[in-house]
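In what follows, a structure is listed as C-alpha cells, so that the remarks can point back to it.
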Amino acid sequence: MGFDWSLPFGGLGGSIGEPDAAPVHSITLFVALLLTCILIGHLLEKSRWMNESITALVIGVVTGILILVTTGGKSSRILIFDEEIFFIYLLPPIIFNAGFQVKKKQFFRNFMTITLFGAVGTLISFVIIFLGLMFLFSLIVSVVVHTSVALGAIFSATDSVCTLQVLSQEDTPLLYSLVFGEGVVNDATSVVLFNAIQRFDLSHITSSIALQLLGSFLYLFFTSTLLGIAIGLLSAYIIKKLYFGRHSTDREVSLMMLMAYLSYVMAELFDLSGILTVFFCGIVMSHYTWHNVTESSRVTTKHAFAALSFISEIFIFLYVGMDALDIEKWRIVAKSPATSAGVSSVMLGMVLLGRAASVFPLSFISNLFKKSDNDKIQFKEQIIIWWAGLIRGAVSMALAYNQVKISGR
C-alpha cells in the first residue's frame, strides 16, 4: 500500500476516528514534533524557565505558522482531534501520575492546608471569577450565564508545573509541598466543579439551584474520592494475595496499569469525576500496591506512569500551540478587536483578583492553627503561591475544548 508523500501537509484538518481523515504522513509529522519537543527540552534542561511543555507550546505555534503559510491560510493544525480524546486518553495519565508520584509524607503532613487551597480556594476563585465576568461582561457584550459559570470553572484550574521548576524541594519543603499539592487537588476540584455545572440549567440562578449545585459538587467530590480509594485498595489486595510477581513481572505491571485506568472508566460509567477518582487511586496505589510488587515492577511502573504523563502533557501543549493560530478563531477576533481585547483584559483581571482572594485570606486562616513559626506560611511564600496559581495548564485547556464542544461553537 503506497501513500502520496508529495504533499507534506495534504489532508490537514482531518479528524481522528473518521475514515481516511488522518493520513499517515500527518501522524508521522506530529510524532516527529513530539520527539523534537523532548530533544529540545533536554538541551534546555539547565534553564529553569523552560521545560518540555513550554517548548511544545512554542514549537506548536511555529509549526502552526509554517502550516498556515504552506496551506495558504486554510489550516494551522496537522490533525484535528475530538475533544473527548483529551479526557479519555490524555488527562488520566497526567492526573494519575500526579497522585502516584506525590511526596506522601509532606502531602499528608500539610493535607489540611493543601485541601484548603486546592478545594476551598478553588471554589472562592470560581465564585469571584464567575460573578466578575457576569457583571463586567454585561458592560461589554451580551453574556450567557452558563458560559460565565463554565469560564469560572475553567479559569479556576491552575498549573503548578512551571512554578515547581524554580523551586527546590530540599530548600523550601513546605512551599514546594503546598504548591504541588494545591496544583493536583485544584485540577481535580475544577474538573468536578465543571462536571457539576453541566447538570443544571443556569439560565436563572436561584438560591435553590445554588444549593443543588453545591450538593452536586460535594456528592461528586466525596463519591469519586471513595471510589478511587476503593479501587486502589482492591489492586493492593489482589497483587498481595495472588503473588503475581512470582510468576510474571509483566502481569504485575499490566494489572497496575489496567486497575489505574479502570478507576477512571468506572467513575465515568457512574457519572462521577474520573479525574478525581484516578488521582486518589494513584495516591493509594503508590502507598499500598507499589510496596506489594517486586523491585523490578516498582522501577517499571514508576517510570512507565511518568513517561505516559510526560508524553500526554507535551501532546496537549503542542496541539494547543497549533490551535492558537486557528484562522477561523482569528477571523472572529478581527471582526471586533476592541471587544476581544476588553474581554481578555476582564478575564485576566478576574483571574488575578480571584487568586488573591483565595490565597491571602486562606493563608491567614491556616496560620492561625499553626503553633510553630516554621510551619506558618510567610508573606513572601504567599506571594509565590499566588503567582503559581496564575498559570494555566493541561486541565484548563481540556476543559476549554470541552466547553467549545458543549456550546457547539
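Only this structure's heavy atoms are used, side chains among them; waters, hydrogens and symmetry mates stay out.
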Using side chain to side chain contact (heavy atoms under 4.5 Å, CB included), reason through V120 and T115 one step at a time and then give a plain yes or no. CA-CA 7 Å; V120 179; T115 304; 5.9 Å; no

Determine which pairs satisfy salt bridge (charged side-chain N to carboxylate O under 4.0 Å, His left out) with at least one residue from residues 253-268, sequence neighbours left out, and list them in order. none

Between I114 and S177 the two heavy atoms that sit nearest each other are CD1-O, 3.7 Å

Got a donor-acceptor contact below 3.5 angstrom from the S396 side chain to the A157 backbone? yes

Can you name the nearest heavy-atom pair linking Q101 to A306, along with the distance? NE2-CB, 4.0 Å

Between the CG atom in L116 and the CD1 atom in I365, the distance rounded to the nearest 0.5 Å is 6.5 Å

Indicate the ring-plane relationship of F217 and F221, choosing parallel, tilted or perpendicular according to the 30° and 60° boundaries. tilted

Please tell me if the side chains of L91 and I275 come closer than 4.5 Å, counting only heavy atoms from C-beta onward. yes

Are I283 and F279 packed together at the side-chain level, in the sense that at least one heavy-atom pair is separated by less than 4.5 angstrom? yes

Please indicate whether Y288 has more than 12 foreign heavy atoms, meaning atoms of other residues, nucleotides or ligands, lying under 6.0 Å from its OH. no

Determine whether T223 and L227 make a side-chain contact, defined as any pair of heavy atoms from C-beta on separated by less than 4.5 Å. no

Hey, does M347 have a side-chain heavy atom less than 4.5 Å from the side chain of I154? no

Working to the nearest 0.5 Å, report the span between CG of L211 and OG of S216. 12.5 Å

Verify side chain to side chain contact (heavy atoms under 4.5 Å, CB included) between V191 and I95, making sure each step is shown before the conclusion. CA-CA 11 Å; V191 173; I95 302 299; over 6 Å; no

With E252 as partner, the option from T294, N292, T300, T301 fulfilling side-chain hydrogen bond (donor to acceptor under 3.5 Å, both in side chains) is T294

In short, H291 meets R298 closest at the heavy-atom pair O-NH2, 3.1 Å

Do T277 side-chain atoms and S224 backbone N/O form a donor-acceptor pair below 3.5 Å? yes

Please round to the nearest 0.5 Å and tell me the distance separating atom OG of S263 and atom CG of L258. 11.0 Å

CG of D271 to OH of Y219, rounded to nearest 0.5 Å, is 8.5 Å

Stepwise, does the side chain to side chain contact (heavy atoms under 4.5 Å, CB included) test hold for V351 with L390? CA-CA 7 Å; V351 169; L390 300 180; 4.3 Å; yes

For a 4.5 angstrom cut-off between non-hydrogen side-chain atoms, does I377 reach F364? no

Check the surroundings of atom NZ in K302: do more than 12 heavy atoms from other residues, nucleotides or ligands lie under 6.0 Å from it? no

Approximate separation, where rounding is to 0.5 Å, of C281 SG and M266 CE: 10.5 Å

Give a yes or no answer on whether the side chain of S366 reaches the backbone of L362 with a donor-acceptor pair at less than 3.5 Å. no

Report yes if some heavy atom in the side chain of I59 is under 4.5 Å from a heavy atom in the side chain of L318; otherwise report no. yes

Looking only at non-hydrogen atoms, find the nearest pair between I314 and C37 and report the distance. CG2-CB, 3.8 Å

Is there a side-chain contact between F360 and I383, using heavy atoms and a 4.5 Å cut-off? yes

When you measure from the side chain of T158 to the backbone N and O of G389, does any donor-acceptor pair fall under 3.5 Å? no

Under 3.5 Å: donor-acceptor pair, side chain of N367, backbone of K376: no

Would you mind reporting whether I88 and Y261 have side-chain heavy atoms less than 4.5 Å apart? yes

For the pair S190 (side chain) and N186 (backbone), establish whether a donor and an acceptor sit closer than 3.5 Å, ignoring hydrogens and angles. yes

Worked verdict on L276 versus L220 for side chain to side chain contact (heavy atoms under 4.5 Å, CB included): CA-CA 9 Å; L276 190 62; L220 286 174; over 6 Å; no

Measuring from atom CD1 of I316 to atom CD1 of I311, what distance do you get when rounded to the nearest 0.5 angstrom? 12.5 Å

Locate the shortest heavy-atom distance separating L174 from E381; write the atom from each residue and the value. CD2-OE1, 4.5 Å

Considering all heavy atoms, the nearest L399-A153 contact: CD1-O, 4.4 Å

Holding to side chain to side chain contact (heavy atoms under 4.5 Å, CB included), I want the full list of residues that pass it with S345, two or more places apart in sequence or in another chain. none

N97 side chain to S309 backbone, donor-acceptor under 3.5 Å: no

